[in-house]
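For reference, the structure discussed in these notes is given below.
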Amino acid sequence: MKYWLLKSEPDTYSFSDLASASSSGTIWDGVRNYQARNILRDEIKVGDYAFFYHSSCKEPGIAGLCMVTETGLTDPSSLDPASNYYDPKSSPDNPRWITINVVADRALKRVITLKELRQHEALSEMVLLNRGRLSVQPVSENEWDYILGLESS
DNA sequence: GCCAACGTTGGC
DNA sequence: GCCAACGTTGGC
């Protein structure tokens, strides 16, 4: 099992939105970056866990944990002409944007902020802190465990 | 296939 | 709202 970090703007879709979604969770739609798409399509597996990260907001940071329940899904927004994420170069026969379904696992006891993460030498190699713009990223097991260890501190 | 121009992300 | 970083586009 591997660990990941998924970014969302909480004004658009927050961790509490996922937590209050139906038991089937949500499709992680709208990713339009090839590196992130490749991770969604090729690397993330059912049963993997991810941090749910709030970006572009007052307090950027990790708000909760979620679990991957399905992979290999065509992003429905890419085929919807009414969507902001519509991509005319994608089609049902040859979908360009492949994604996953996730469910909420649990909220963290507190949001672990980006500012706090930056203060820990043990996390200095985190993708989040070095290639901040990537919206789907790997998290090492050591980083995962370390960050969960901060939760109660 | 280079690279300048342009667009987007996302912290601050 | 600014702007640095960086991904994408498109002319050549």
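Per chain, numbering begins at 1; letters A, B, ... match sequence-line order.
A straight line from CG of A/Leu134 to P of C/dG7 spans 8 Å, rounded to a whole angstrom. The distance between atom NE2 of A/His54 and atom P of B/dC12, rounded to the nearest whole Å, is 17 Å. Rounding to whole angstrom units, CZ of residue A/Arg37 and P of B/dT8 are separated by 19 Å. The separation between A/Gln35 atom CD and B/dT9 atom C1' is 14 Å, rounded to whole Å. To the nearest angstrom, C1' of C/dG7 lies 15 Å from CZ of A/Arg32. Counting to the nearest Å, the P atom of C/dC6 and the CD atom of A/Gln137 are 13 Å from each other. Per the geometry, CD belonging to A/Glu9 stands 13 Å off P belonging to B/dT8, to the nearest Å. Taking atom CG on A/Asn130 and atom P on B/dG10, their separation rounds to 15 Å, with Å as the unit.
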Inset, instruction - Could you go through the side-chain hydrogen bond (donor to acceptor under 3.5 Å, both in side chains) check for A/Arg96 and A/Tyr34 one step at a time? - result: CA-CA 9 Å; A/Arg96 178 172 295 214; A/Tyr34 286 103; 3.1 Å; yes

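Remark: A/Glu151 engages A/Arg106 in a salt bridge, criterion side-chain N to carboxylate O under 4.0 Å.
Using a 4.0 Å cut-off, some side-chain N or O of A/Tyr53 falls inside it from OP1 or OP2 of B/dG11.
Of the listed nucleotides (B/dG11, B/dG10, C/dT8), B/dG10 has the atom at the smallest distance from the side chain of A/Lys7. Taking the side chain of A/Arg133 as heavy atoms from C-beta on, and the options C/dT8, B/dG11, B/dG10, the nearest nucleotide is B/dG10. Of the listed nucleotides (B/dG10, C/dG7, C/dC6), C/dG7 has the atom at the smallest distance from the side chain of A/Asn33.
Annotation: A/Glu43, atom CD; neighbour count of heavy atoms from other residues, nucleotides and ligands within 6.0 Å is above 12.
Relative ring orientation between A/Trp144 and A/Tyr3 is described as parallel, the plane-to-plane angle staying below 30° on a 0-90° scale split at 30° and 60°.
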